[in-house]
Structures are given as structure tokens and as C-alpha cells.
Engineer: 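Got a structure for you, written out below as C-alpha cells; questions coming shortly.
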Amino acid sequence: MSSQVSGDSTESVHVEVVAEGRLSLDRAVDWVECPRSGAIATFSGVVRDNSDGRQVDHLDYEAYVPMAVKVMRSIGERIVKERGVSKIFMAHRVGRLQVKEPAVVIAVSAPHRAEAIGASRLAIDELKLQVPIFKKEVFVDGSHWKSNRP
Amino acid sequence: MSSQVSGDSTESVHVEVVAEGRLSLDRAVDWVECPRSGAIATFSGVVRDNSDGRQVDHLDYEAYVPMAVKVMRSIGERIVKERGVSKIFMAHRVGRLQVKEPAVVIAVSAPHRAEAIGASRLAIDELKLQVPIFKKEVFVDGSHWKSNRP
Amino acid sequence: MGEVRLRVLYFAAAREAAGVESEEVSLEEEGTDDRGTPYATTEALEELLLGRYPKLKDIFRTVVLAVNMDYVDKGARVKLAPGDEVALIPPIGGG
Amino acid sequence: MGEVRLRVLYFAAAREAAGVESEEVSLEEEGTDDRGTPYATTEALEELLLGRYPKLKDIFRTVVLAVNMDYVDKGARVKLAPGDEVALIPPIGGG
């Protein structure tokens, strides 16, 4: 992995925290593809131009990187073990992101659509609950740290 | 649209039935992207190397194309209207497909992940229930028409 | 008596059973609607096709009709007007 | 009495409140475990940090600790051994 990427990869789980460059959905899908899995679901969290009505200029993400990798990997492993999933790929960006850039990309392959789509939902929910990544929303007129918890 | 594609496009719904070439997930995602939608979910139905334990050589898809386009579009419109979705893209291949080739690609954008992921599940479920597309599974030792209904 | 000419499309297993992809079919008028247009019915059409293509019988239980690209409930008796397009739709397998 | 030296990491709002990204911290030993290794506690650490960085107080209610990359339940009193890595984790916002 390039210096810009910290991550971990087993046969069925790949996770990475990426410091620079645009996250690639294609790469995620290619990684999870496997002949016996007919269903591939993905989720991308993309920087929006507004948050609670305020106009967003850009976002700055920060992470406790080694722990983020560790937690993402344990989420992936539990999903593969418990949700009939073949492979899962999770990548999160840190650093500065502009509007429309993906901050997180998740791909899941499974023999059937229910498992693939269900698991992609579980993965993003767990990531937002557990992974030590921090989001600073920078508006045209100020900024603040934005929590996932309301 | 090229001669190989029959489809329909409104501001928030794009559907197409494609006779040749690999369906592009990137194209689907690019089409649904919009600044106020922070969540993009996709589903790809990919040709598997086996079906009920029998080894698949390839699939042949056939469609009542104009009606398939019509039904896909009505599914998309209902989802946008009722599910808080910003945009939806649905593409289905017809003709001969090899293992690992995508037969269907769906992308949905929405302000939040629950709507995007939920809608992608609804879209593929409705497509499999309503759209007049027919699948012939060709094995190494024979073939048959395969119904979505058990 | 008038004649109702229809366009009939056969897909997948229905095409293979009938051995034809599409054809013009002519049915006897069963009546005329309030604007004087002659009509036939899906019931009469099914009878004609089953008679003409015996192999259709084996799969007909699972075939659904679509008239002008709208599904017709299995077994429902629907009026057909001249120029209507009727498709024989075997079990679908998209996605 | 022995000393327990720890590595403390500050993230996001905690870093901004403390004005420091990471530092070595030394706590007084509160006892030794059955293998004779001295330990301190998260409670003592919190007291020290709040005293040292008054601005931390405003956000401390929402800060969670992680010891060696495992979250500690808010308010739980956990033993800390020499060389442990303790991170101050404000509300997370990934995804």
C-alpha cells in the first residue's frame, strides 16, 4: 500500500484509511467480486454542499488511524461471519474533501441481494457508530466538529 | 443513445435496456450524483458461475424491450416520489452474458443513507417482480428458462 | 360480423412453444363498444392460440398476457380492440 | 512509590482544547497487579488532564477514552499499566 493508505486485508475483508486521492468505487467492486457471488451492493458517503441548511465549503476528516483500521476490520469480519457475505471492502478518506468527493466507500458481495444490501447498510451504520474518525464541517462562515450522534 | 440502448430519461429517473457491452457502475453513479445528496447506494446483479449447484456456462437475457423500459421507469418514478430519493438509474443487459458480467446495475442517490440503501433494495425487488425480462441459464450440459418466482 | 385484427408477440418459452416471434391474428368480433368499435376478448384469443399451437398448452398456466404493455390479471377476461398489441409473457427472470 | 508512564493522544476537539496532539504522561502508582507491575487508573489520568488543560472541561462530558485501541465505557475506572496508549476520543463523525 502507498504511504497515503493505512489498511488491512484478509481473504474476505479489506479495509483502508486513505489520506489522499479520490476513493474508487470500481476498485472496491473489483475487490469484492467473486464468481459465486451474484449480488454486489455498494454505499458511498459523499460530501454534500449543505449541512442543516448551512452552505458547506469543504470537510476536514481526521482519524485515530490504527484504531480506525482495527475497528473497521472487526466490523467487516463480523459481517462476513454472521451475514452470509462473501467479501467486504471498506475505505474511508481523511484530510480535506471537497463537495461531491466520496468520504467513504463500502462494497459487499454475496450470493444473494438481501444479504449484500443488508450488509452494506449494517456496515455503514456500524462504521458511523464505532470508527474513531472525526469530521470538521467548514462553512463559508465558520466551522465546527460534526458528530454522527444527534 | 446508441442503437444498442433503449431507454428513457427524466430529470430524476434514468432507465435503459442495453443490448451490448459491459454495464458501467461508474456511469450509473455519475448520473445519480447531485450536490445535495450525500448518500449513493448501488446494486449490481452479476452472472454467477453456478445456479442451484449446476455449473453455468453463460446466460441469455431477452426482454419485451419497450414494456421493460416502461415498467422500469414507473418503478423509478414511484421510488423517487415516495422514498425521499433524489435520483435513480436502472440499466439491464439483454443478449449473451458471461460469468462475472453485470446483468443489472441500479444506483440511487438521496440525502441520507437509509433512503438510498432502502430504495436500492426496493428497486431490484420490484424489477425482478415486474419487468418483462427473461433469463435463460445455459449450463455445460443443457439450458432452461429461469424464473425469479420459485 | 366484424373482424378484430391484433398483433401478438411471443417471448422466451412462449416463442419456443409457438415457434413464432410475432404475428397478426384475426378474431371474430364479439360485439361493439359504445363508440361502435368492434371488440374481441382475451378469452377468445387464448382459445385460438392454444388450438393453433398445441405445445403452448404445457406452459400456458404460467404465461401472463400484456395488452398494450399493461399486464392482464391471469384468467381475467379483457376486451381487445383492433390494433391492440398482446404479448405472451412467461415467468420473468430479470435482475 | 512507583510511576506509571503513559502515552496520551488527543484527537479533533480534544486536541484543540488541550493544544497538544500527543504527550508522555506520568501518574503515581496506585498499586501493583499480581505480577508486580505498577498500575494507575483512568480516573487519576482524567483528573490530571482536566487540571492541566482547563479548556478540556467544556467538552469532557462527550469525550470517551480508548486504552490500547479499545474503548473504555464512559466513567468506567480502568487500570493503566506502564506504556499503555490512552486516546481522548470526542464524538465521532465518520461515514
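Please read these numbers as outputs of a predicted model, since none were measured by experiment. Note on naming: letters A, B, ... go to the chains in the order of the sequence lines (proteins, then strands), and numbering restarts at 1 for each one.
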Engineer: May I ask you to test the B:Phe43-A:Ile40 pair for a side-chain heavy-atom distance under 4.5 Å?
Structural biologist: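 Not touching, per the 4.5 Å side-chain cut-off.
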
Engineer: Measure the CZ-NZ distance between B:Arg36 and A:Lys100 for me, rounded to the nearest 0.5 Å.
Structural biologist: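 Reported to 0.5 Å precision, the distance equals 12.5 Å.
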
Engineer: Does some side-chain heavy atom of B:Arg121 sit less than 4.5 Å from a side-chain heavy atom of A:Arg121?
Structural biologist: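 Heavy-atom side-chain distance check fails, nothing below 4.5 Å.
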
Engineer: What part of A:Leu25 lies closer than 4.5 angstrom to a heavy atom of chain B: side chain, backbone, both or neither?
Structural biologist: side chain

Engineer: Are the side chains of B:Ser44 and A:Val29 in contact, using a 4.5 Å heavy-atom criterion?
Structural biologist: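 No. Closest side-chain heavy atoms not under 4.5 Å.
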
Engineer: Among A:Ile124, A:Val108, A:Val99, A:Val47, single out the residue with the greatest number of heavy-atom pairs under 4.5 Å to chain B.
Structural biologist: A:Ile124

Engineer: Any chance CD of B:Glu82 has more than 12 other-residue heavy atoms, nucleotides or ligands included, within less than 6.0 Å?
Structural biologist: yes

Engineer: Does any backbone or side-chain atom of A:Ser37 lie under 4.5 Å from a heavy atom of chain B? Answer side chain, backbone, both or neither.
Structural biologist: backbone

Engineer: At what distance, to the nearest 0.5 angstrom, does CD1 of B:Ile117 lie from CD1 of A:Ile106?
Structural biologist: 7.5 Å

Engineer: So which residue, B:Asp125, B:Asn50, B:Val104, ends up with the most heavy-atom pairs under 4.5 Å with chain A?
Structural biologist: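 Looking at each option in turn, the highest pair count goes to B:Asp125.
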
Engineer: Give a yes or no on this: more than 12 heavy atoms of other residues, nucleotides or ligands lie within 6.0 Å of atom CD of B:Gln98.
Structural biologist: yes

Engineer: Taking side chain as everything from C-beta outward and backbone as N, CA, C, O, which of these in A:Ala114 sits under 4.5 Å from a heavy atom of chain B? Side chain, backbone, both or neither.
Structural biologist: both

Engineer: Once rounded to the nearest 0.5 Å, what's the spacing between atom CG of B:Asp26 and atom OG of A:Ser24?
Structural biologist: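 Result: 7.0 Å between the selected atoms.
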
